[in-house]
Asker: 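One structure is given below, represented as structure tokens, and several questions about it will come after.
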Amino acid sequence: MSLSGCEIIELPKITDPRGNLTFVESQRHVPFDIKRVYYTYDVPGGTQRGGHAHKELKQLIIAVSGSFDITLDDGFQKKKFNLNRSYFGLYICSMIWREIENFSSGSVCLVLASEFYSEDDYFREYEGFLNVVRK
Ligand code: TYD
């Protein structure tokens, strides 16, 4: 797994004078079955979230409101993405370290995930992650 397996996905957008609508379907707009949805909100300015990688989990991260930056790291190279539109998602494959920061006030970070929550799926120590991906 490497950064080449991660990409920005443009989601359908139904524009409407009453307000726009975006939807996401398993295996159509994301290359996995969505088993879990979670979101972070009320994130204080200056906070950094993430700081981990996942062994199996695949995710699509969407700034449904506001904006934030995500830095992806496959152990060899890093790439920074700014998410600021409700109809773009960042697909993150497994074994990618991520840091999320520069949350705008009122931003909501929505995550669609391929697996149920499991602490065993996390690498929370960067050195341990590096040891595995650089082996
Ligand atoms: P974590 O994944 O570290 O958050 P982030 O990557 O956004 O900084 O999770 C924070 C805490 O929430 C941690 O104690 C695990 C718990 N948690 C759940 O119980 N269920 C979940 O689905 C998620 C994502 C986290």
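Numbers here simply count residues along the sequence, with the first being 1. One-based numbering, in listed order, for ligands and for the atoms of each. We use all heavy atoms of the structure for the numbers below, so side chains are in, but hydrogens, waters and symmetry mates are not.
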Asker: Angle between ring planes, Tyr117 versus Tyr122, binned at 30° and 60°: parallel, tilted or perpendicular?
Answerer: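 Tyr117 vs Tyr122 ring planes: perpendicular.
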Asker: In the structure I gave you, are the side-chain heavy atoms of Phe23 and Ile14 within less than 4.5 Å of one another anywhere?
Answerer: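 Counting from C-beta outward, Phe23 and Ile14 do come under 4.5 Å.
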Asker: Sub-3.5 Å donor-acceptor pair from the side chain of Thr22 to the main-chain atoms of Pro12, do we have one?
Answerer: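 Checking the backbone N and O of Pro12 against the side chain of Thr22, a donor-acceptor pair under 3.5 Å is found.
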Asker: Please check if any side-chain donor atom of Gln59 sits under 3.5 Å from a side-chain acceptor atom of Tyr38, or the reverse.
Answerer: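 Yes, a side-chain donor-acceptor pair sits under 3.5 Å.
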Asker: So, Arg98 side chain and His52 main chain: donor-acceptor pair closer than 3.5 Å or not?
Answerer: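 A pair under 3.5 Å: yes.
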Asker: Give every pair formed by an N or O atom of ligand 1 and a protein N or O atom closer than 3.5 Å, one pair per line with both atom names and the distance to 0.1 Å, or write none.
Answerer:
from	atom 1	to	atom 2	distance (Å)
ligand 1	2 (O)	Tyr122	OH	2.6
ligand 1	3 (O)	Arg124	NH1	2.9
ligand 1	3 (O)	Arg124	NH2	3.2
ligand 1	4 (O)	Arg49	NH2	3.3
ligand 1	6 (O)	His52	NE2	2.5
ligand 1	7 (O)	Arg49	NE	3.0
ligand 1	7 (O)	Arg49	NH2	3.2
ligand 1	8 (O)	Arg49	NE	3.2
ligand 1	8 (O)	Arg49	NH2	3.4
ligand 1	8 (O)	Gly50	N	3.0
ligand 1	22 (O)	Arg36	NH1	2.5

Asker: Pairing donors with acceptors under 3.5 angstrom, does anything connect the side chains of Tyr87 and Asn20?
Answerer: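 Note: Tyr87 and Asn20 side chains miss the donor-acceptor criterion.
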